[in-house]
Amino acid sequence: MSDCLFCKIAAGEIPSNKLYEDDTLLAFYDIDPQAPVHFLVIPKRHIASAAALGETDAALLGHVFAVIAKLCKDLGVDENGYRVVTNVGQDGGQSVPHLHFHVLAGRSLAWPPG
Ligand code: 5GP
Ligand code: ZN
């Protein structure tokens, strides 16, 4: 999608602090971190949000979570734990309309979220 911020980051048109990249996914640090470790995982293909996912996206989602598990292990936050969040729409707090998974770690996270 031509005017989508995360499509531009995925295409390398806007720089990001990358953690991981392959043919389908990109992981990069959030510009406004909410925890000592805060990165985002996005599909390179434009998907507006989790509300647009279907059964045919099963392999993509499995890959997303496998990459998150590996990155968290590599970053040394797997033992203490972490949170994976995807916000959907206005009430969900989504500000960028391209599917992304927040991964937050490095401190104890409150529940429920505000
Ligand atoms: P949302 O509010 O949609 O769930 O999350 C969007 C996230 O993208 C926010 O945490 C915000 O800080 C992050 N973000 C917005 N613009 C940029 C950017 O240009 N670069 C990076 N690395 N993160 C961004
Ligand atoms: Zn996009």
Side-chain angles (χ1 to χ4, degrees):
M1 223 185 153
S2 58
D3 65 346
C4 170
L5 173 64
F6 285 178
C7 280
K8 286 180 181 167
I9 287 178
E13 291 165 19
I14 291 177
S16 65
N17 191 356
K18 282 182 205 171
L19 257 172
Y20 174 85
E21 181 170 18
D22 64 26
D23 288 347
T24 53
L25 299 184
L26 179 68
F28 57 100
Y29 285 103
D30 197 291
I31 204 168
D32 181 21
Q34 301 301 312
V37 173
H38 183 182
F39 63 89
L40 304 173
V41 179
I42 64 169
K44 288 189 169 175
R45 171 166 65 93
H46 183 85
I47 300 172
S49 78
L53 291 167
E55 300 290 347
T56 56
D57 298 307
L60 173 71
L61 289 174
H63 187 45
V64 165
F65 279 90
V67 165
I68 288 171
K70 182 181 185 311
L71 291 175
C72 286
K73 194 168 183 201
D74 291 350
L75 291 167
V77 298
D78 55 323
E79 285 198 8
N80 278 3
Y82 52 91
R83 183 171 295 165
V84 183
V85 178
T86 187
N87 298 323
V88 179
Q90 190 176 318
D91 280 1
Q94 185 180 10
S95 60
V96 178
H98 178 128
L99 178 65
H100 51 283
F101 296 86
H102 294 261
V103 181
L104 299 137
R107 67 173 172 85
S108 183
L109 298 160
W111 189 264

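Side-chain atoms are counted along with the backbone in the values below, which use heavy atoms only and exclude waters and symmetry mates.
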So which pairs with a foot in residues 73-91 pass salt bridge (charged side-chain N to carboxylate O under 4.0 Å, His left out), sequence neighbours left out?
Lys70-Asp74
Apply the test side-chain contact (heavy atoms from CB on, under 4.5 Å) to residues Tyr82 and Ile68: give CA-CA distance (whole Å), side-chain angles for both, the deciding distance (0.1 Å), then the verdict.
CA-CA 10 Å; Tyr82 52 91; Ile68 288 171; 3.8 Å; yes
For residues [X] and [Y], determine if any side-chain heavy atom of one lies less than 4.5 Å from a side-chain heavy atom of the other.
X: Val77; Y: Val103; result: no
X: Ile9; Y: Leu26; result: yes
X: Leu61; Y: Phe101; result: yes

For residues [X] and [Y]: do they belong to one hydrophobic cluster (side chain heavy atoms under 4.5 Å, members Ile, Leu, Val, Met, Phe, Trp, Tyr)?
X: Tyr29; Y: Tyr20; result: yes
X: Val85; Y: Phe6; result: no
X: Leu109; Y: Leu71; result: no
X: Leu53; Y: Val64; result: yes
X: Leu19; Y: Leu104; result: no

Give me the other members of the hydrophobic cluster that Trp111 sits in, counting Ile, Leu, Val, Met, Phe, Trp and Tyr linked by side-chain heavy atoms under 4.5 Å, directly or via other members.
none
Side-chain donor-acceptor pairs of residues 36-50 under 3.5 Å, sequence neighbours excluded:
unit_1, atom_1, unit_2, atom_2, d
His38, ND1, Gln34, N, 3.0
His38, NE2, Asp30, OD2, 3.4
His38, NE2, His102, ND1, 2.9
Lys44, NZ, Glu21, OE2, 2.8
Lys44, NZ, Asp22, O, 2.8
Arg45, NH2, Asp57, OD1, 2.9
His46, ND1, His98, ND1, 3.3
Ser49, OG, Ala51, N, 3.0

What are the two closest heavy atoms between Gly81 and Ala105, and how far apart are they?
O-CB, 4.0 Å
Yes or no on side-chain contact (heavy atoms from CB on, under 4.5 Å) for Leu25 and Leu60, after CA distance, side-chain angles and deciding distance?
CA-CA 9 Å; Leu25 299 184; Leu60 173 71; 3.8 Å; yes
When rounded to the nearest 0.5 angstrom, what is the spacing between CG in Asn87 and OG in Ser95?
8.0 Å
